[in-house]
Student: 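I'd like to ask you about the structure that follows.
Computed over heavy atoms, backbone and side chain alike; hydrogens, waters and symmetry mates excluded. By convention here, the first residue in the shown sequence is residue 1.
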Amino acid sequence: MSLNHTPNAERVHIGIFGKRNAGKSSLINAITGQDLAVVSEVSGTTTDPVYKAMEILPLGPVLLIDTPGLDDTGKLGELRVHKSWQILNKTDIALLVIDERQGISPEDEAILNRIAKKQIPCIIVMNKHDLMPENQKVSLPENIGFPAIEVSASTGYHIPELRELLTSVYHVPEEKFRIVGDLLSPSDFAVLVVPIDKAAPKGRLILPQQQTIRDILEADATAIVCKEYELRETLENLGKKPKIVITDSQVFAKVSADTPKDILLTSFSILMARYKGNLETLVKGVSILDQLKDGDRVLISEGCTHHRQCDDIGSVKIPRWVRNYTGVEPEFSYSSGTEFPEDLSSYRMIIHCGGCTLNEREMKYRIACSEDAGVPITNYGIAIACMQGILRRSLEPFPSISAYLENHKDL
């Protein structure tokens with residue numbers, strides 16, 4: 001993957017919602033100026049969420065999500081509608097597409113209420129304006145709270161104005177952590193420890209490693225990459241002390257032993273938690289490890305799907321480390337990809353991956369779900385550091401979190 005390629009997790013997610021044949025797919029084609037989505041007069045052509053990575057100026061890199069119709073019927077249709085509602089959990093901007101001839105429906109109003117509760121920026125798109133009788137005008141309910149625009153996906157009417165409206169309703173947060181660049185000065189060295197195991201993708205680094213390298217280069221610092229058994233020799237031969245060592249969490253213990261105490265140490269997983277604004281919450285959640293009992297249910301959740309190897313970190317290594325650390329026998333459950341459980345009440349704790357493939361909104365949604373259910377949540381890197389006795393050291397690069405730990409001697 002090119003360093004210039006924008007990962008989907010870093011794109012603005014635009015969810016396209018509406019009833020069947022409201023013109024959602026046609027609208028995507030009109031906005032992008034390309035035939036990206038399948039268009040048909042047959043109701044229900046889109047049966048699963050469809051993702052299209054694009055660049056829409058002046059908004060920039062986006063991920064358009066075409067969803068099944070909100071009025072789909074039957075048992076299968078109910079499942080499709082449910083998937084559409086789930087897309088809200090990762091949506092940065094919602095477009096509700098309405099056939100202007102039909103006006104707003106109960107299904108439209110229901111999802112608008114949910115959008116408002118989730119505080120998602122939204123635009124109501126009154127589509128098929130070219131088919132409206134001249135003297136007919138559809139009025140929206142009063143105090144609907146979202147801007148509306150009349151468009152025609154087939155003729156292009158008001159499509160440029162819709163693009164401009166997209167940029168006006170969505171504002172990128174002014175303050176956002178960098179991955180690691182803000183911890184570095186120009187000419188600093190950062191050593192990245194990258195094990196190459198069976199689970200690693202052939203011919204490329206995994207996403208957090210790529211993103212971290214890019215961020216180091218943008219800070220005008222130097223990235224040095226090595227395997228875990230090369231670290232000690234690498235540090236001896238550098239001729240200059242690196243500012244920080246960043247490691248894959250699976251080899252945290254070895255890397256900590258090989259890294260001098262005067263060099264900062266952390267993991268990719270911890271950096272991702274900080275980058276998405278979740279670090280303090282996930283650090284708080286790890287303390288529940290010391291309270292686990294036999295039979296407690298522990299959910300291990302991953303944001304992506306991948307083929308599990310014989311020594312998979314999520315399904316094999318972490319459960320083994322938890323048993324060894326706690327001395328008890330919890331019951332482990334697993335989820336991956338978009339299948340994050342809706343009912344978390346039966347779990348004692350959640351150990352989540354770094355979430356590199358999830359956008360910030362979806363990761364925060366998952367954390368909010370755990371908080372609403374009263375279930376502590378942490379992530380792979382924080383849990384592994386805790387179980388291997390190096391949590392405090394792995395958080396030293398982040399003064400605010402180190403201060404929190406000083407007031408919580410139990411961690």
Side-chain angles (χ1 to χ4, degrees), residues 1-16 48-56 59-67 83 86-94 118 120-121 166 170-173 175-182 192 194 199-201 204-218 246 248-249 266-279 281-282 301-306 313-314 335-340 350-370 377-382:
M1 184 176 109
S2 166
L3 288 177
N4 291 321
H5 180 76
T6 302
N8 284 346
E10 300 300 307
R11 294 175 178 267
V12 178
H13 286 44
I14 303 177
I16 319 290
D48 286 291
V50 178
Y51 298 80
K52 304 290 184 181
M54 284 293 300
E55 185 112 357
I56 297 180
L59 199 58
V62 303
L63 188 68
L64 296 166
I65 311 173
D66 192 4
T67 64
K83 283 194 172 184
Q86 284 184 321
I87 294 299
L88 286 177
N89 301 327
K90 63 180 71 177
T91 296
D92 296 309
I93 309 174
K118 289 180 175 290
I120 301 171
L166 281 169
Y170 180 76
H171 303 284
V172 178
E175 293 186 4
K176 181 176 175 65
F177 283 118
R178 292 180 62 178
I179 296 175
V180 70
D182 58 311
L192 280 58
V194 179
R204 62 184 175 89
L205 301 176
I206 62 174
L207 184 58
Q209 296 162 0
Q210 297 176 54
Q211 291 178 289
T212 303
I213 292 171
R214 174 62 181 262
D215 201 44
I216 291 168
L217 296 179
E218 289 186 349
I246 304 164
D248 186 292
S249 300
T266 194
S267 76
F268 294 105
S269 183
I270 292 173
L271 287 176
M272 293 306 297
R274 173 179 178 264
Y275 179 55
K276 298 191 177 183
N278 307 315
L279 183 54
T281 299
L282 299 179
S301 185
E302 296 182 334
C304 64
T305 56
H306 64 270
I313 183 171
S335 72
S336 61
T338 59
E339 303 305 317
F340 191 69
I350 300 167
I351 305 177
H352 204 287
C353 71
C356 63
T357 63
L358 305 177
N359 69 337
E360 184 175 328
R361 179 176 283 274
E362 183 169 9
M363 194 65 231
K364 287 186 173 178
Y365 161 77
R366 294 185 177 200
I367 291 173
C369 286
S370 69
I377 183 170
T378 189
N379 81 359
Y380 283 12
I382 296 166

Student: Minimum heavy-atom separation for Ile246 to Ser267, with atom names?
Tutor: CG2-C, 3.9 Å
Student: Could you check if a side-chain atom of Ile120 sits within less than 4.5 angstrom of a side-chain atom of Arg361, using non-hydrogen atoms only?
Tutor: yes
Student: Considering only heavy atoms from C-beta outward, does the side chain of Ile216 approach that of Leu192 to under 4.5 Å?
Tutor: yes
Student: Looking at every heavy atom in both Ser301 and Arg366, which two are closest together, and how far apart are they?
Tutor: OG-NH1, 3.6 Å
Student: Report yes or no: does Thr378 contribute a side-chain atom to a donor-acceptor pair with the main-chain N or O of Leu282 at less than 3.5 Å?
Tutor: yes
Student: I need the minimum non-hydrogen distance between Gln211 and Pro7, along with the two atoms involved.
Tutor: NE2-CG, 3.9 Å
Student: Looking only at heavy atoms, what is the nearest atom pair of Ala94 and Thr91, with distance?
Tutor: N-CG2, 3.7 Å
Student: Which atoms form the tightest heavy-atom contact between Cys353 and Gly303, and what is the distance?
Tutor: SG-N, 3.2 Å
Student: Would you indicate whether the side-chain heavy atoms of His352 and Leu358 approach each other to under 4.5 Å?
Tutor: yes
Student: Taking Ser269's backbone N and O only, do any of them form a donor-acceptor pair with Asn379's side chain (distance below 3.5 Å, no angle check)?
Tutor: yes
Student: Look up atom CZ in Phe340 and atom OG in Ser370, then write down how far apart they are to the nearest 0.5 Å.
Tutor: 6.5 Å
Student: Going through the checks in order, is the side chain to side chain contact (heavy atoms under 4.5 Å, CB included) test met by Ile65 and Lys90?
Tutor: CA-CA 10 Å; Ile65 311 173; Lys90 63 180 71 177; 4.1 Å; yes
Student: About how many Å separate NZ of Lys276 and CD1 of Ile179, when rounded to the nearest 0.5 Å?
Tutor: 9.0 Å
Student: What distance do Thr212 atom OG1 and Leu217 atom CG have between them, rounded to the nearest 0.5 Å?
Tutor: 11.0 Å
Student: Does the side chain of Ile351 come within less than 4.5 Å of Ile382's, by heavy atoms?
Tutor: no
Student: Can you tell me how far apart NZ (Lys52) and CD1 (Ile16) are? Round to the nearest 0.5 Å.
Tutor: 12.5 Å
Student: So Glu302 and Tyr380, do their side chains get closer than 4.5 Å, heavy atoms only?
Tutor: yes
Student: Check for a donor-acceptor pair, side chain of Asp92 on one end and backbone N or O of His13 on the other, with a separation under 3.5 Å.
Tutor: yes
Student: Not counting sequence neighbours, which residues clear salt bridge (Lys or Arg N to Asp or Glu O under 4.0 Å) with Glu55? List them please.
Tutor: none
Student: Please name all residues satisfying side chain to side chain contact (heavy atoms under 4.5 Å, CB included) with Tyr365, sequence neighbours left out, ordered by chain then number.
Tutor: Asn89, Lys118, Cys369
Student: Does any part of the side chain of Ile56, heavy atoms only, come nearer than 4.5 Å to the side chain of Leu64, both counted from C-beta?
Tutor: yes
Student: Tell me, do Tyr51 and Ile87 make a side-chain contact under 4.5 Å, heavy atoms counted?
Tutor: yes
Student: State, to 0.1 Å, how close Pro49 and Lys83 come at their nearest heavy-atom pair, and which atoms those are.
Tutor: CD-CD, 4.1 Å
Student: Quick one, Asn8 with Thr357, criterion side chain to side chain contact (heavy atoms under 4.5 Å, CB included). Give me CA distance, side-chain angles, the key distance, then yes/no.
Tutor: CA-CA 7 Å; Asn8 284 346; Thr357 63; over 6 Å; no
Student: Closer than 3.5 angstrom, by distance alone: can the side chain of Arg11 be matched with the main-chain N or O of Pro61 as a donor-acceptor pair?
Tutor: no
Student: Rounded to the nearest 0.5 Å, what's the gap from CD1 on Ile93 to CG on Leu166? Could you check?
Tutor: 5.0 Å
Student: Find out whether Glu218 and Arg178 are in side-chain contact, i.e. whether some heavy atom of one side chain is under 4.5 Å from a heavy atom of the other.
Tutor: yes
Student: With rounding to the nearest 0.5 angstrom, report the OG1 to NZ distance, Thr281 to Lys364.
Tutor: 9.0 Å
